[in-house]
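Structure first, commentary second.
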Protein chains: 2
Amino acid sequence: MLTRPATTKEKLMRTAMDIVAGDGFAAATTAHIAERAGFAEGTLYRHFKSKDELLIAAYRQLKADVFDRVSAETGNATDPKARLAALWRDMWTVYAADMSAFIFGQRFAESALSKAEGGAAHERMIGHIRGIIEDGQKAGLVRQAPPETLVAFFFPPLVAMLKQRVQGRAWSEAEIEAAIEMAWASWTG
Amino acid sequence: MLTRPATTKEKLMRTAMDIVAGDGFAAATTAHIAERAGFAEGTLYRHFKSKDELLIAAYRQLKADVFDRVSAETGNATDPKARLAALWRDMWTVYAADMSAFIFGQRFAESALSKAEGGAAHERMIGHIRGIIEDGQKAGLVRQAPPETLVAFFFPPLVAMLKQRVQGRAWSEAEIEAAIEMAWASWTG
DNA sequence: GTCTATACAGGGATAGAC
DNA sequence: GTCTATCCCTGTATAGAC
């Protein structure tokens, strides 16, 4: 979902994603998706049982791709702070390079479809950072707060900054550096 | 929008809000809204030009109500840390008491309608916390980072914790206290 | 202000030929 | 696998009586 779509199925998913990101779920009609992907409407139903299934498949694929990309690049670092920084930068890089994917992910997560999806795709990413947190707590570097709280000071600020980037806010390297410092400061106190 | 609806107009807005919060925007049809509010479908159009206008009006009203409630309670505190804590607690109290309003706000903000709304309603709340930040920076208590960055370590973690609350996560007083400490730690380093 | 009835368009999904 | 044609239903909005 992050690379250029090759198959018809991928093209349909990618197109749906772009439409949702650009004009919202209401604009993502089967007619619109098929037309913009360059296929007939009937073709869509040869690849997906329903429109909702198409959107859910696109979301799952997106999350899987992001997870793979991020966990492939991170992982070498040893101390918790370096791992936090690496994960932040990886996610930033991936989403900044594909704002359409980022916006789609946000919108999907707030839609009623996320109920049907279950949220399993997102859980893996949470597990990733939980590992960093728990190692840091064992080493006595990270404060003894519930992991959920610590996670709330990692992803949400990152996402908020990406959202501002969508609106045109340019972030310098120094500002990103500072944000990572702030996340770490919240973890350590 | 946070108190019990009195007029027909308010009843329609409140019902629309509850439906969106419960089953998403797709479920908020004019027929469904009118029926659940106890009116005929045609009545809706005596109070609003369109369905979208109804939803936008509900969002604006909600944001205005939350802003009034929060700024009425906060304001007495003097030092930045106490003001941060007071604002956090106020917002927590308001939204925790009305999860439907909270979810509607989140969903609306990620919908295409937010484009038409403009985001002015949300800006006032941002302005509120910016005041705290700038005073803190002048006093040399808060780090010299861009206010946008500091805001990203206030609202987003708070919202993330409220979202978990919606999912059934119970937060103790001590945990909320700790979260406020973490927000402050991120601001001071 | 509210209701009933209705017009009208648009959207999801299927059938069947190629 | 893909396209064309089509069905049916739902959703928005209006007209007009009470």
Side-chain angles (χ1 to χ4, degrees), chain A residues 1 4-61 104 107-108 110-117, chain B residues 1 4-61 104 107-108 110-117:
Chain A
M1 202 60 23
R4 190 138 48 73
T7 66
T8 299
K9 200 167 178 176
E10 284 170 353
K11 281 177 189 161
L12 288 167
M13 290 194 286
R14 179 71 216 190
T15 303
M17 201 172 92
D18 289 338
I19 293 171
V20 170
D23 302 313
F25 272 93
T29 64
T30 52
H32 196 178
I33 295 167
E35 187 210 345
R36 211 166 120 178
F39 297 96
E41 209 173 342
T43 302
L44 190 154
Y45 291 92
R46 290 281 150 185
H47 295 273
F48 301 95
K49 277 214 261 305
S50 69
K51 191 188 78 164
D52 285 1
E53 204 194 52
L54 188 168
L55 291 166
I56 291 172
Y59 180 76
R60 291 219 172 101
Q61 190 61 52
F104 171 75
R107 294 199 154 162
F108 185 95
E110 286 297 340
S111 78
L113 287 178
S114 67
K115 207 172 188 170
E117 195 274 330
Chain B
M1 199 60 25
R4 190 138 48 73
T7 67
T8 299
K9 200 168 178 176
E10 284 170 353
K11 281 177 189 162
L12 287 167
M13 289 194 286
R14 179 71 214 189
T15 303
M17 201 171 91
D18 289 338
I19 293 171
V20 169
D23 302 313
F25 273 92
T29 64
T30 51
H32 195 179
I33 294 167
E35 187 211 343
R36 213 167 119 177
F39 297 95
E41 209 173 341
T43 302
L44 191 153
Y45 290 93
R46 289 281 149 186
H47 296 272
F48 301 95
K49 276 215 264 305
S50 68
K51 192 189 77 165
D52 285 1
E53 204 193 52
L54 188 168
L55 291 166
I56 291 171
Y59 180 75
R60 291 219 172 101
Q61 191 61 53
F104 172 74
R107 294 199 155 163
F108 185 95
E110 286 297 341
S111 79
L113 287 179
S114 68
K115 207 171 189 171
E117 195 275 329

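Just so we're clear, the structure is a prediction, and the values are computed from it rather than from any experiment. Each chain gets a letter, A, B and so on, in the order its sequence line appears, and its residues count up from 1.
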Integer-rounded Å distance: D/dG1 P and A/Lys9 NZ: 9 Å

Sugar-phosphate only, base, or nothing, as touched by B/Thr30 at under 4.0 Å among non-hydrogen atoms: base

Any B/Thr8 side-chain N or O less than 4.0 Å from OP1/OP2 of C/dG1: no

Phosphate OP1/OP2 of C/dG10: any A/His32 side-chain N/O under 4.0 Å: no

Approximate separation, where rounding is to 0.5 Å, of B/Met17 CE and B/Arg107 CZ: 13.0 Å

Length of the line joining A/Leu54:CG and C/dG12:P, which is rounded to integer Å: 11 Å

Rounded interatomic separation in angstrom, taking NZ from B/Lys49 and P from D/dT14: 11 Å

4.5 Å side-chain heavy-atom contact, B/Glu117 and B/Phe108: yes

Interatomic distance, A/His47 NE2 vs C/dA13 P [rounded to whole Å]: 16 Å

Euclidean distance, atom CD1 of residue B/Ile33 to atom P of D/dT10 [Å, nearest integer]: 17 Å

Any residue of residues 35-44 of chain B with a heavy atom less than 4.0 Å from an atom of DNA chain D: B/Glu41, B/Gly42

Atom pair distance, as rounded to whole Å: OH in B/Tyr45 and C1' in C/dA5: 15 Å

Spacing of B/Thr15 atom OG1 and B/Arg36 atom CZ [to the nearest 0.5 Å]: 7.0 Å

Nucleotide D/dA17, atom P - distance to CZ of B/Arg46 in whole Å: 13 Å

Distance in Å, A/Leu44 CG paired with A/Glu41 CD, rounded so as to fall on 0.5 Å steps: 7.5 Å

Nearest atoms (heavy-atom pairs only) where B/Lys11 meets B/Ala37: O-CB, 4.2 Å

Whole-Å distance separating the CD atom of A/Glu53 from the P atom of C/dG12: 15 Å

Sequence neighbours excluded - ring-ring contact (aromatic ring centres under 6.0 Å, His included) pairs with any residue from residues 14-50 of chain B: none

Heavy-atom closest contact (A/Ala112 atom, B/Gly24 atom, distance): CB-CA, 4.1 Å

